[in-house]
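Data first, discussion second: the structure below is written as structure tokens.
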Amino acid sequence: MKGGFTGGDEYQKHFLPRDYLATYYSFDGSPSPEAEMLKFNLECLHKTFGPGLQGDTLIDIGSGPTIYQVLAACDSFQDITLSDFTDRNREELEKWLKKEPGAYDWTPAVKFACELEGNRDMELINNTTLVNSRHPAITGP
Ligand SMILES: C[S@@+](CC[C@H](N)C(=O)[O-])C[C@H]1O[C@@H](n2cnc3c(N)ncnc32)[C@H](O)[C@@H]1O
């Protein structure tokens with residue numbers, strides 16, 4: 001099949017994490033197809049990790065610049081590794097992990113993930129509380 005596979009070099013050259021985040025993961029509180037999609041994904045992940053799927057190490061392959069996909073796993077895995085082929089995506093993840101200025105704000109996703117887990121008092125609404133306590137690592141090729 002012609003043109004059916006996007007190779008790593010293409011991602012390295014053309015994938016722009018900030019554009020990707022702005023397009024699919026920026027929320028201002030108003031309803032949007034992107035926000036609904038993220039909620040749906042978080043609900044599915046909550047159902048997947050909630051009822052007993054657990055282990056020592058979780059490796060997410062092709063994380064891109066996003067972290068929402070491991071939020072539901074934070075309580076059930078000791079170590080979580082995010083990985084991506086491109087330098088830019090890993091830099092974006094590092095920025096978030098180290099709480100550097102300009103790091104992407106995942107608060108709406110974290111808030112929704114916490115609500116799914118019943119933490120409605122919102123004390124966990126902080127990017128660091130939920131995930132950094134598990135020390136996720138970031139790795140590449
Ligand atoms: C659609 S994007 C990221 C999606 C993101 N996890 C999300 O849910 O929005 C797919 C990612 O896979 C990465 N990727 C592609 N081939 C890869 C490979 N062989 N190893 C690791 N990452 C790869 C790309 O760099 C890209 O960031």
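Atoms within each ligand, like the ligands themselves, are counted from 1 in listed order. These numbers come from a predicted model, not from an experiment.
Counting the atoms of ligand 1 from 1 in the order shown, those under 4.0 Å from a heavy atom of Tyr25 are 7 (C), 8 (O), 9 (O). Per-residue contacts place Thr66 under 4.0 angstrom from the following atoms of ligand 1 (heavy atoms of the residue considered): 5 (C), 6 (N), 7 (C), 8 (O), 9 (O). Counting the atoms of ligand 1 from 1 in the order shown, those under 4.0 Å from a heavy atom of Thr86 are 25 (O). Near Asp84, meaning under 4.0 Å from one of its heavy atoms, ligand 1 places the atoms 11 (C), 12 (O), 13 (C), 22 (N), 24 (C), 25 (O), 26 (C), 27 (O).
Of the listed options Gly7, Pro17, Gly62, Pro65, Gly62 places a heavy atom closest to atom 12 (O) of ligand 1. Distances from atom 7 (C) of ligand 1 to the heavy atoms of Tyr11, Phe85, Tyr20, Phe15 show the closest one on Tyr20. Nearest-residue assignment for atom 6 (N) of ligand 1 (options Gly64, Ser63, Ser83; heavy-atom criterion): Ser63.
Contact analysis leaves Gly8 out of contact with ligand 1, as no non-hydrogen atom separation drops below 4.0 angstrom. Tyr24 does not count as a contact of ligand 1, since none of its heavy atoms falls under 4.0 Å from the ligand.
Minimum heavy-atom separation, Ser76 to Gln54: O-CB, 3.2 Å. Here the closest heavy-atom approach between residue Glu117 and residue Asp75 is recorded as OE1-OD2, 3.7 Å.
Partner of Tyr20 under the ring-ring contact (aromatic ring centres under 6.0 Å, His included) criterion, chosen from Tyr104, Tyr25, Tyr11: Tyr25.
Distance check: Gln12 CD to Asp87 CG gives 4.5 Å after rounding to the nearest 0.5 Å. Atom CG of Asp19 and atom NE2 of His14 lie 13.5 Å apart (nearest 0.5 Å).
Ring orientation note: the planes of Phe49 and Phe77 are nearly perpendicular, at an angle over 60° on the 30°/60° scale.
Tyr24 and Trp106 fall within a single hydrophobic cluster, where Ile, Leu, Val, Met, Phe, Trp and Tyr are joined by side-chain heavy atoms under 4.5 Å apart, directly or via other members.
Of the protein's heavy atoms, Tyr68 OH, 2.6 Å lies nearest to atom 8 (O) of ligand 1.
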